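Below is one structure, written out as structure tokens, with a few remarks after it.
All residue numbers in this chain count up from 1 along the given sequence. In this text, all values refer to a predicted model and were calculated from it rather than measured experimentally. Note that ligands are numbered from 1 as they come in the structure, with each ligand's atoms numbered from 1 the same way.
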Amino acid sequence: MYKGIVCPMITPLDAHGNIDYNATNILIKYLEGINVDYLFPMGSTGVFPYFTLKERKDFLKFVRENSKKPIMAGVGSSSINEVNELMKFSMDIGIEAAVLMPPYYIKLNQEAIYHYYKEILSSNDMDLLIYNIPQFTNKIDPETVKNLKSEFSSVKGVKDSSADIRGFMEMLSLSDDDFAVFQGQDDLLFTSLELGASGGVCGTTNFSDGIVRLYHEYKNNREMALKIEKNDVIPLMKKLGKYQFPNAYYEYFYKKNNINGGYRPPMYRVGIEI
Ligand SMILES: O=C(O)C(=O)C[C@H](O)[C@H](O)COP(=O)(O)O
């Protein structure tokens, strides 16, 4: 059962916009230090669409070779061949699970989305978390998740970043011992834990330990957890939300660690005050 706090890792970049592996090591050590439960490279915060397949594989391999934490690999692509290639690669190098959002560009109905996942799940045994993020790609409905879950035992959960609490509650109704439901928005973590979520995929963990403290406090001291959400997490998310996603996450990380980091266009430096 997947459970706890997942970091959707930024992909640290150098001044030329290439992947900076020294900075990546600093990030991995930080995440181990604050004790997140899983590393999630090549998700949305990791700006996976801006990288070639080779860059994506190299980054996944580096994270695998430099951390013993369980890993969820972002394998998203509108090309099923690319998804299969990334899943097979991830499985071969010992990554525990894959995270996959519905395809993008062409607007798809639920039947098409079902067929996309079915095709991939039929030829891969790796554990898979379905990723609902309708602000960036086609939406997957709880009903479609339910159908895929009942047909394929490798579907181990869903990560919902929609910020739609009604939809999230429908996803939660699918929870069982072998199916996890993660909240994808940091500032909804407390509410989601109250509703029975398995944990959160939280971007602020790239440079702040508030979410991890919230998650651990929640078990013993609910009031304290709520305080952390109100005083630390919500203001931080509000600040980050003012800028083009996810540039401010990168800038925060670079500033915190005194790294002369860069951006790959269309990313750019936003000039956040921290
Ligand atoms: O990076 C990932 O893959 C994540 O899981 C983090 C978040 O779910 C999304 O980044 C949310 O994006 P916003 O709605 O723009 O805040």
Under 4.0 Å to a heavy atom of Gly43 - the qualifying atoms of ligand 1, by number: 3 (O)
Check: Tyr252 ring centre within less than 6.0 Å of Phe207 ring centre: yes
Enumerated ligand 1 atoms positioned under 4.0 Å from heavy atoms of Thr45: 1 (O), 2 (C), 6 (C), 10 (O)
Check: Val155 and Phe179 side chains under 4.5 Å, non-hydrogen atoms: yes
Heavy atom of the protein closest to atom 5 (O) of ligand 1 (residue, atom name, distance): Lys159 NZ, 1.9 Å
No-hydrogen, no-angle side-chain donor-acceptor test under 3.5 Å, Ser79 and Asn81: no
Sub-3.5 Å N/O-N/O distance, Gly184 and ligand 1: yes
For residues 258-265, dump all side-chain donor-acceptor pairs below 3.5 Å to protein atoms at least two apart in sequence or in another chain.
residue, atom, partner, partner atom, Å
Arg264, NE, Gly17, O, 3.0
Arg264, NH1, Tyr50, O, 3.1
Arg264, NH1, Glu55, OE1, 3.0
Arg264, NH1, Glu55, OE2, 3.2
Arg264, NH2, Gly17, O, 3.0
Arg264, NH2, Glu55, OE2, 2.8

Test of proximity, Tyr249 against ligand 1: N or O pairs below 3.5 Å: no
Just list the side-chain donor-acceptor pairs under 3.5 Å for residues 188-198, sequence neighbours left out, or say none.
residue, atom, partner, partner atom, Å
Ser192, OG, Gln183, NE2, 2.8
Ser192, OG, Leu188, O, 2.6
Glu194, OE1, Arg222, NE, 3.3
Glu194, OE1, Arg222, NH2, 2.7
Glu194, OE2, Tyr218, OH, 2.6
Glu194, OE2, Arg222, NE, 2.9
Ser198, OG, Val181, N, 2.8
Ser198, OG, Val181, O, 3.4

Closest protein heavy atom (residue, atom, distance) for atom 11 (C) of ligand 1: Gln185 NE2, 3.8 Å
Closest non-hydrogen atom pair, Ile95 against Ile71: CG2-O, 3.5 Å
For atom 9 (C) of ligand 1, closest protein heavy-atom neighbour: Ile133 CD1, 3.8 Å
Protein contact to atom 14 (O) of ligand 1 [nearest heavy atom, distance to 0.1 Å]: Gln135 NE2, 2.7 Å
Pair Lys242-Ile272, side-chain contact (heavy atoms from CB on, under 4.5 Å): steps then yes or no: CA-CA 9 Å; Lys242 288 190 192 139; Ile272 192 173; over 6 Å; no
Numbered atoms and elements of ligand 1 in range of Pro8, under 4.0 angstrom, heavy atoms: 1 (O), 2 (C), 4 (C), 5 (O), 6 (C)
Proximity of Ser44 to ligand 1 by residue part, where a heavy atom lies under 4.0 Å: both
Close aromatic pair by centroid cut-off 6.0 Å: Phe152 and Tyr117: no
Protein contact of atom 2 (C) of ligand 1 - nearest heavy atom, named by residue and atom, plus distance: Tyr131 OH, 3.2 Å
Nearest neighbour in protein (non-hydrogen) for atom 10 (O) of ligand 1: Phe245 CZ, 3.0 Å
Interfacing atoms of ligand 1 (cut-off 4.0 Å, heavy-atom, Ser161): 7 (C), 8 (O)
cation_pi(Lys156, Tyr2) dist<6.0 Å, angle<=45: no
